[in-house]
Amino acid sequence: MADRVEERHERILRLVREHGSMRVTELAEQLGTSKETMRRDVVALVDVGRLRRVHGKVCWPTATLNARDARLARRDAAGSQGPLLGMVVPVTGYFFHGVVRGARAAATAAGARLLIGVTEYRREQDAAQLRTMAKAGVDGLLFTPSWDVGGPSPEDLAQLAGLDVPTVVVERDIPVGSSAALLDRVCSDHANGAAQAVRHLAGLGHGRVALLSRRSHTEPQVRAGYRAAVRALGLPDDDLGAPGEPGVLGHFDSFEEEFTRLVALARSGEVRAALVHADADAVNVQNRLAVEGLRVPEDFALVGYDDELPAVSDVALTAVAPAKHALGEAAVTLLLRRLADPSVERTHLALVPELKVRDSCGSALVGRGGQATSVDRMTE
């Protein structure tokens, strides 16, 4: 049943993207479903920001509102009791799925409406979505810019500082001293999240802990937390990656080399534990180790990052779990606070991720051979 629902959702998204906008009745006819079923599907897709509802029809999240739809959105906002909040995010899946859900829950609880815009990590879409939000008449913004992974340019910072409605920056650092540095913002403390993982593995008896991390907006903090922890614990620095080139998400070529190095270290027994960012890569490491005849956690301990795929593999993945839902809630709370009192003090809030211990990290190493004797489990 779940597969059929997901397949229907994908067909809905394809149709809306092809046509620009469609009514529920049109979608029901195209897919051969009842109007009630289609309404439920549309509500589910709108709730996570994959579609946008505009006066009796749905459209693609990145679509710019025409003059009529923008006017209708403003009219709808005026008819509601609470403020209209805009939220611009790179995607609504993976990490940001939880953030959007948290923001929507907090907005609903406060009697506010939340309009979602998605940029798909395309920097030119930042400006387009901000224009759309302005046309819709939002009272305030939650904004995750699609900056290069190396950080914002002067133009990016000028765009941010020039916003004319109260804004909370979500999950992005802003350089101290820049024109936008005093904006309210909320983010994850990924450095402390990574450090927790290293300290946990060291506490299980591992004298070396490797880091494998694909280039992303999160990577610099993960790497900083890893290096701070190994220094504090007196462990060797087994960071397998060199910093990627600014602006390159993924750096797939070098990542594959780093991936191969990690497997070689595991096969030789030099390193028997690793923090892998993100979860999907941690699962791939586990599968690759199995091909090499190495078992997780008996022969190698793994901790993933993001906690999006805890049950995909045979061995449940220990993972660092950023507080995504709480991140969205906190962002809305800060924005509503600013709207209620524009003179309130500026706030920079960092939420510390939680280490969720499951099977893949194993138990404390014992004996000279360092063999794992049992598996730690966590009841959730």
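- Remark: side-chain polar atoms of Arg295 are not paired, donor with acceptor, to backbone N or O of Asp299 under 3.5 angstrom.
- Here the CZ-CG distance, from Arg346 to Leu334, works out to 11.5 Å after rounding to the nearest 0.5 Å.
- In this structure, Asp156 contributes its side chain and Ser153 its backbone to a donor-acceptor pair below 3.5 Å.
- Judged purely by atom type and a 3.5 angstrom limit, Asp279 has no side-chain atom pairing as donor or acceptor with the backbone of Gly304.
- Side-chain atoms of Ser188 do not come within 3.5 Å of backbone N or O of His190 as any donor-acceptor pair.
- In this structure, Arg123 places its CZ atom where more than 12 heavy-atom neighbours from other residues, nucleotides or ligands lie under 6.0 Å away.
- A salt bridge (charged side-chain N to carboxylate O under 4.0 Å, His left out) check over residues 311-333, counting only residues at least two apart or in different chains, returns the pairs Glu308-Lys324.
- Aromatic ring orientation, His217 versus Tyr121: parallel (interplanar angle below 30°, classes split at 30° and 60°).
- A 4.5 Å side-chain heavy-atom check between Val344 and Arg338 finds at least one atom pair inside the cut-off.
- The main-chain N or O of Glu29 is never found under 3.5 Å from a side-chain atom of Thr33 such that the two would form a donor-acceptor pair.
- For the atom pair CG (Asp281) and CD (Gln286), the distance works out to 13.0 Å, reported to the nearest 0.5 Å.
- Of the residues Met87, Met133, Gln129, the one that meets the side chain to side chain contact (heavy atoms under 4.5 Å, CB included) test with Leu115 is Met133.
- Under the 3.5 Å distance criterion, with hydrogens and angles disregarded, a donor-acceptor pair is assigned to the side chains of His9 and Asp41.
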